[in-house]
2 protein chains.
Amino acid sequence: MYEELRLDNQLCFRLYTASRLITQAYTPILKQLNITYPQYLVLMVLWEQDGQPVNDIAHRLCLETNTVTPLLQRMEKLGIVVRKRSKVDKRQQIVSLTRKGKALEQQAFETIPAGMGEELKTCPLKQEDYAHLAEELDSIIETIKNR
Amino acid sequence: MYEELRLDNQLCFRLYTASRLITQAYTPILKQLNITYPQYLVLMVLWEQDGQPVNDIAHRLCLETNTVTPLLQRMEKLGIVVRKRSKVDKRQQIVSLTRKGKALEQQAFETIPAGMGEELKTCPLKQEDYAHLAEELDSIIETIKNR
DNA sequence: TAATTTTGTATCGTGAACGATATAAATATA
DNA sequence: TATATTTATATCGTTCACGATACAAAATTA
């Protein structure tokens, strides 16, 4: 029995579980907007800056285009984004929000922060703990990205 | 532009990204053992205690049986576990390690901790930071599990 | 400018996750 | 003990992730 191979000693398992469970907590809230969690991430990217090529969106989310392309195709079917070939560089697909996609921002603002606050209100972590957690996660993310 | 909807302010996005990137870092190492990351998690559960029903494995990993069942079926095809109906309760499938599955423990011990140490050696986090991070993640996990 | 390389996106196949549903076995209840 | 309920697992459909590959457009080089 190797200590290093104990599930309870794995940071990665905690990250994996925490990530899945938080995403699960988002799901019922996002369902009201008829979107999934990865689609919500794409929307946040576009709400910050509308009209971006697929590559920029993928890079911002640390995903590959072969993940993002079908995601965007589904979002286009839902009528929340449109994709148009760039005239400057015909290889690029420029992704833009539709009116419906833009309208979701207000709806998200009204439901998501409050809803997630409710989900996590019994969590003993304080404001500073969350800030600290964010810093540590950023360290790990940067380390692996630059490896 | 709502601060609450900025990608950079999302704890969840950090968890999601950190989890994916760490799993990616595991992948080349696990490939030497011809297993995936979720399969490695199942193996850790079985190395701790061989011969468990599907439910117990799923519960330990905070997964549903509809995720674990196909995972186990693939592992059975690979010849690292076997599933046998319990004679006490014929509904239960008891999952056990094969000789090959048991042998993987030694191989995992020899390659994974060293390999991951190498991957993360440039990470500025100290031993105590990792311990702290683990505690905070456990808080979040427990909060959501008990909601 | 012709040939080569790089870049941006898409397609394909596999393995998760997970909601919804199905089914048989075990347990509880009438 | 017959019926209803619960439990353990499996199946199905959809949506990610992601490695491998394909292909056209752009950039580079010969």
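Lettering of chains follows the sequences in order, A, B, ..., and the numbering in each one begins at 1.
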When you measure from the side chain of [X] to the backbone of [Y], do you find a donor-acceptor pair of N or O atoms at a distance under 3.5 Å?
| X | Y | result |
| --- | --- | --- |
| B:R83 | B:S96 | no |
| B:S86 | B:I94 | no |
| B:T65 | B:V68 | no |

Under 4.0 Å from any atom of DNA chain C, heavy atoms only: list the residues of residues 70-90 of chain A that qualify, in numerical order.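 Here the set is A:Q73, A:R83.
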Return the residues of residues 27-40 of chain B meeting this criterion: a heavy atom under 4.0 Å from some atom of DNA chain C. Order them by number, or give none.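 Those residues whose heavy atoms fall under 4.0 Å from DNA chain C, taken from residues 27-40 of chain B in numerical order, are B:T36, B:P38, B:Q39.
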Please compare A:I94 and A:L21 by the position of their nearest nucleotide in DNA chain C and report the one closer to 5'.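 Going by which nucleotide is closer to the 5' end, it is A:I94.
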Nearest heavy atom decides the nucleotide; on that basis, is A:T67 or B:T67 closer to the 5' end of DNA chain C?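 Here A:T67 is the residue nearer the 5' end.
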Could you pull out the closest heavy-atom pair between B:L137 and A:A18, with the gap in Å?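 Here B:L137 and A:A18 meet closest at CD2-CB, 4.2 Å.
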What are the two closest non-hydrogen atoms of B:K102 and B:D50, and how far apart are they?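 Smallest interatomic distance, heavy atoms only, reads CE-OD2, 3.6 Å.
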Restricting both atoms to N or O, compile the protein contacts to nucleotides 2-7 of chain C shorter than 3.5 Å, with distance only.
residue, atom, partner, partner atom, Å
C:dT7, O2, A:R91, NH1, 2.9

Taking atom types as modelled and ignoring hydrogens, do the side chains of B:Y16 and B:Q10 form a donor-acceptor contact shorter than 3.5 angstrom?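 No, B:Q10 and B:Y16 have no side-chain donor paired with an acceptor closer than 3.5 Å.
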Less than 3.5 Å apart, any donor N or O on the side chain of B:E3 or B:N9 sitting next to an acceptor on the other?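 The answer is yes; a qualifying pair exists.
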Can you tell me how far C1' of C:dG8 sits from CZ of A:R60, to the nearest Å?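 Rounding to the nearest Å, CZ of A:R60 and C1' of C:dG8 are 20 Å apart.
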Would you kindly give the CD-to-C1' distance between A:E64 and C:dT11, to the nearest whole Å?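 From A:E64 CD to C:dT11 C1': 15 Å.
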In chain order, what residues pass the ring-ring contact (aromatic ring centres under 6.0 Å, His included) check against A:H59, with sequence neighbours excluded?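 Partners of A:H59 by the ring-ring contact (aromatic ring centres under 6.0 Å, His included) criterion come out as none, since no residue qualifies.
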Assigning hydrophobic clusters by single linkage (Ile, Leu, Val, Met, Phe, Trp, Tyr; side-chain heavy-atom cutoff under 4.5 Å), is B:Y2 placed with A:M44?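 Hydrophobic grouping puts B:Y2 with A:M44.
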Find out whether A:V82 and A:V95 are in side-chain contact, i.e. whether some heavy atom of one side chain is under 4.5 Å from a heavy atom of the other.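 Not touching, per the 4.5 Å side-chain cut-off.
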By nearest heavy atom, map B:T69 and B:R20 onto DNA chain D; which one lands nearer the 5' end?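 The residue closer to the strand's 5' end, by nearest nucleotide, is B:T69.
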Pair up each side-chain donor or acceptor in residues 111-122 of chain B with any protein partner under 3.5 Å, not counting sequence neighbours, and list the distances.
residue, atom, partner, partner atom, Å
B:T111, OG1, B:Q107, O, 3.0
B:E118, OE2, B:K121, NZ, 2.6
B:E119, OE1, A:R147, NH1, 3.0

Interface limits on DNA chain D, where chain A has a heavy atom under 4.0 Å of a nucleotide atom: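 Result: D:dT15 to D:dA26.
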How about A:E110: does its CD atom have over 12 heavy atoms from other parts shown lying under 6.0 Å from it?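 Enclosed.
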Just wondering, are more than 12 heavy atoms of other shown residues or ligands nearer than 6.0 Å to CD in A:E142?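 Yes, because the 6.0 Å sphere around CD of A:E142 holds more than 12 heavy atoms from other groups.
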